Structures are given as structure tokens and as C-alpha cells.
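Written below as C-alpha cells is the structure these notes are about.
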Amino acid sequence: MIWLDAEVVIQLHSRIIQRSGGLDGLRDRAALEAALAAPAKRIC
């Protein structure tokens with residue numbers, strides 16, 4: 001499996017915002033990291 005880390009997701013989000021418009025930025029990094037870690041916890 002390929003797991004994305006927070007930095008990659010933030011970069012992807014910024015690219016999408018640049019192309020489609022909207023507000024860039026991150027409100028809660030800890031929540032993002034928890035959401036990214038959740039699937040890995042289910043598998044292990």
C-alpha cells in the first residue's frame with residue numbers, strides 16, 4: 001500500500017486550490033495527521 005504523509009497532502013491541496021480557486025491553508029494539522037493515520041491503524 002502507498003500511504004501519503006501530511007506534507008504530500010498539503011502540497012496536493014495547494015495545487016488544487018491554485019487551479020480551482022479557494023482559500024489555501026491548513027486549519028488543524030493534528031486532525032489531518034490523525035485522518036491519514038486511521039487507515040494504517042485498521043490494517044496493523
Side-chain angles (χ1 to χ4, degrees):
M1 293 235 145
I2 298 173
W3 303 104
L4 300 177
D5 65 13
E7 290 302 321
V8 172
V9 173
I10 292 167
Q11 290 174 0
L12 289 171
H13 178 261
S14 291
R15 283 181 166 177
I16 293 168
I17 293 299
Q18 287 174 354
R19 291 183 182 178
S20 64
L23 297 175
D24 196 10
L26 179 63
R27 182 173 63 183
D28 187 349
R29 186 180 182 101
L32 173 62
E33 290 176 355
L36 293 172
K41 290 180 183 176
R42 286 185 168 194
I43 291 176
C44 297

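In this text the structure is predicted, and so the values were computed from the model without any measurement.
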Legend entry - Shared hydrophobic cluster, Val8 / Leu36 (ILVMFWY, side-chain heavy atoms < 4.5 Å): yes
Legend entry - Crowding at CZ, Arg27 (>12 non-hydrogen neighbours, <6.0 Å): no
Legend entry - Closest heavy-atom pair and its distance - Pro39, Ala35: CD-O, 3.4 Å
Inset, instruction - Find out if a path of hydrophobic residues (ILVMFWY) with successive side-chain heavy-atom gaps under 4.5 Å connects Val9 to Leu26. - result: yes
Inset, instruction - Rounded to the nearest 0.5 Å, what's the gap from CD on Gln11 to CG on Asp5? Could you check? - result: 8.5 Å
Inset, instruction - Supply the atom-to-atom distance Arg15 CZ to Asp24 CG, rounded to the nearest 0.5 angstrom. - result: 12.5 Å
Legend entry - Side-chain heavy atoms of Leu23 within contact of Ile17, under 4.5 Å: no
Legend entry - Pairwise distance CD(Glu7) to CD(Glu33) - rounded to 0.5 angstrom: 8.5 Å
